Protein chains: 2
Amino acid sequence: MAELSADLGDGAEGVFAPIQNQPLRVQIASRLRDAIISGRLHPGTVLVETALAEQMNVSRAPIREAVQLLENDGLVESVAYKGKRVKLLTAREVEEIYSLREIFEVAAVERILAREVSVEPLAACCAAMEEAVRMNDYEALVAADEAFHRTLIRLSDHELLLSLWNNLYMRIHQIMALRHRGERNLAEIAGNHPPIVRALEAGNRAEATRLIAQHTRALADFDPESIAQGSQ
Amino acid sequence: MAELSADLGDGAEGVFAPIQNQPLRVQIASRLRDAIISGRLHPGTVLVETALAEQMNVSRAPIREAVQLLENDGLVESVAYKGKRVKLLTAREVEEIYSLREIFEVAAVERILAREVSVEPLAACCAAMEEAVRMNDYEALVAADEAFHRTLIRLSDHELLLSLWNNLYMRIHQIMALRHRGERNLAEIAGNHPPIVRALEAGNRAEATRLIAQHTRALADFDPESIAQGSQ
DNA sequence: TGACAGAAGGTTGTCGACAATCTTCATTGT
DNA sequence: ACAATGAAGATTGTCGACAACCTTCTGTCA
């Protein structure tokens, strides 16, 4: 039994999938989070505990705790005497989210350059993006893009920064899902990244920072009216 | 009644303190938070719901929710099948907290310079610090120091950054409380800040950034062994 | 016709209890 | 003496119910 659990834990080559007895609140929170960041639950949607409990066939306790988890994520807000609702997105907040993204990425660049970390993982992400462009696969491109930026943060070797990034990117996901999908030039998006990698390889801090800022601001250049707010 | 509430809300000059019917979880969370960041609850201390519920004479439900709030704050961690405990502090985590502090302050400086905001509020904080030095009041100096840095973030006009800062500074409070109080030169601490204000006034980005980094690293220059970890 | 008072409805806040799970300790066998 | 098995204890997870609070609708009075 000792070696069995060891196998499952380490190699993950075992026959059995690892048993994961996640608390209900975690499962519920995952479902709700997915619904919110995918845009299925619009900002302003009221989350009524009793209704959710009935839908998911559980009691209110795990629902309450799950909603609280989402509140910590900044996806849900509490409005006095009205209950909880999916957080409304103001233009200002969207701006701040993207500017924070820029702050984080620039900080990551600084650390990567200071520690002279290999940027090979970033090049791999670029390759995945080019592949997605060849296949004309928008979803794959988005995934590779996310992987690129998360890898950038990860290479900075800063766990706290990475956890903040994960939370931030969740909200960016939501914003992208709510935004009308403009006609994006796949090749242009993919093409933005290799120069960043090259600047990092060259140790060119100013250029890397400039490219990151430019890329982020292009993403943030949205139509404020395009974000669907729920009723009210 | 309308004008009464308006008075209380705006001027805060009314006779009555505003009625705040905070949920139990918020009151409980505040108490626990205070205990943790003041160092009265050491890292590693196990938080048993039933015990806390009995001590505070409430049921377990609000205790659970309060502890979850602290978990979101990063002050409590969940260890499988052992319950929740006050989060242990590793040297790495402390380093990351201070490096994040530097990232945030540098970002704030950039924004302040870009927007040409008046730095008068910062000068006021410096005056408070000098007054504290004159009175040889360590507590007042710490308070003024915190006010200075929070003001710096506030002047950057970035709500998201400010909320992250508040959370981060909570943990810095905890670290300072756990750290053996070295003999600090009050005048030296106070003296660090006016040059920052002058650099901001002069629009000298490089100098301001350099001073911030220097100041932060002086704070982070701690003895890793000095942080008391609870039993285990 | 408008405004105020009252009642009804709905939602969150809190509680006590039960169930499930893991840990720890005692016991037994080799 | 050590290891494995079993039982007991403790803690978290979940549930259903009650209470408090605010909102909203309706009815009445000026």
Side-chain angles (χ1 to χ4, degrees), chain A residues 1-6 8-9 16 18-32 41 44-72 75-87 230-232, chain B residues 1-6 8-9 16 18-32 41 44-72 75-87 230-232:
Chain A
M1 182 165 167
E3 54 271 22
L4 178 61
S5 65
L8 287 174
F16 300 106
I19 291 179
Q20 42 189 1
N21 195 4
Q22 282 182 323
L24 284 183
R25 62 167 178 274
V26 177
Q27 303 177 38
I28 294 168
S30 297
R31 282 221 236 170
L32 289 175
L41 278 182
T45 303
V46 175
L47 300 176
V48 178
E49 294 173 4
T50 53
L52 292 174
E54 194 174 356
Q55 280 185 44
M56 301 192 188
N57 203 29
V58 295
S59 77
R60 278 177 50 213
I63 298 281
R64 280 176 69 83
E65 296 182 357
V67 170
Q68 197 178 327
L69 285 173
L70 297 180
E71 207 172 347
N72 307 330
L75 260 38
V76 166
E77 65 188 349
S78 188
V79 45
Y81 310 119
K82 288 245 187 177
K84 322 270 187 175
R85 68 179 178 195
V86 180
K87 194 170 184 177
S231 57
Q232 190 179 73
Chain B
M1 184 165 168
E3 54 271 20
L4 178 61
S5 64
L8 288 174
F16 299 107
I19 289 180
Q20 42 190 0
N21 195 4
Q22 283 182 322
L24 283 183
R25 63 167 177 277
V26 177
Q27 303 177 38
I28 295 168
S30 296
R31 282 220 236 170
L32 289 174
L41 280 181
T45 303
V46 175
L47 301 176
V48 177
E49 294 173 4
T50 52
L52 292 174
E54 193 173 356
Q55 280 186 45
M56 302 194 188
N57 203 29
V58 297
S59 77
R60 278 178 49 215
I63 297 281
R64 281 177 68 81
E65 297 181 356
V67 171
Q68 198 178 333
L69 285 173
L70 297 180
E71 208 173 347
N72 306 332
L75 260 38
V76 166
E77 65 188 350
S78 188
V79 45
Y81 310 120
K82 288 244 188 178
K84 324 269 186 174
R85 68 179 177 195
V86 179
K87 194 170 184 177
S231 58
Q232 192 178 63

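First the proteins, then the strands, lettered A, B, ... as listed; each starts at 1. In this text the structure is predicted, and so the values were computed from the model without any measurement. In what follows, every heavy atom counts, from backbone to side chain, and hydrogens, waters and symmetry copies are set aside.
Nucleotide D/dG16 holds its P atom 12 Å from the CD atom of A/Glu54, rounded to whole Å. Atom-to-atom, CD of B/Glu65 to P of D/dT12 comes out at 15 Å; the value is rounded to the nearest Å. When rounded to the nearest whole Å, the span between CD of A/Glu49 and P of C/dT11 equals 10 Å. For the pair B/Asn57 CG and C/dT14 P, the computed distance is 14 Å after rounding to whole Å. One can place CE of B/Met56 at 19 Å from P of C/dG13, the figure rounded to the nearest angstrom. C/dG13 atom P lies 13 Å from atom CD of B/Gln68, rounded to whole Å. As rounded to whole Å, 16 Å separates atom P of C/dT11 from atom CZ of A/Arg85. Across the protein-nucleic acid pair, B/Ile63 atom CD1 and C/dG16 atom C1' stand 15 Å apart, rounded to whole Å.
Nucleic acid contact for A/Leu47: sugar-phosphate only, since backbone atoms but no base atoms lie under 4.0 Å from a heavy atom of the residue.
Salt-bridge check for B/Lys84 with B/Glu71: passed, with a basic side-chain N closer than 4.0 Å to an acidic carboxylate O.
Of the side-chain N and O atoms in A/Arg64, none sit less than 4.0 angstrom from OP1 or OP2 of C/dT12.
Checking D/dT12, C/dG13, D/dT14 against every side-chain atom of B/Thr50, the shortest atom distance belongs to D/dT12. For B/Arg25, taking side-chain heavy atoms from C-beta onward, the closest of the listed nucleotides D/dT11, C/dT14, D/dT14 is C/dT14. Minimum atom distance to the side chain of B/Val48 is reached by D/dT12, of the listed C/dT14, D/dT12, D/dG13. Side-chain proximity of B/Arg60 to C/dT12, D/dG13, C/dC15: nearest is D/dG13. The B/Ser59 side chain lies nearest to C/dC15 when the options are C/dC15, D/dT14, C/dG13.
Rounding to the nearest 0.5 angstrom, the gap separating the CZ atom in B/Arg85 from the CG atom in B/Leu47 is 10.5 Å. Remark: A/Leu41 CG to A/Leu75 CG distance equals 10.0 Å, nearest 0.5 Å.
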Inset, instruction - Could you check A/Lys87 against A/Glu77 for salt bridge (charged side-chain N to carboxylate O under 4.0 Å, His left out), going step by step and ending with a plain yes or no? - result: CA-CA 5 Å; A/Lys87 194 170 184 177; A/Glu77 65 188 349; 5.4 Å; no
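For A/Gln22 against A/Gln27, the heavy-atom pair with the smallest separation is O-NE2, 2.9 Å.
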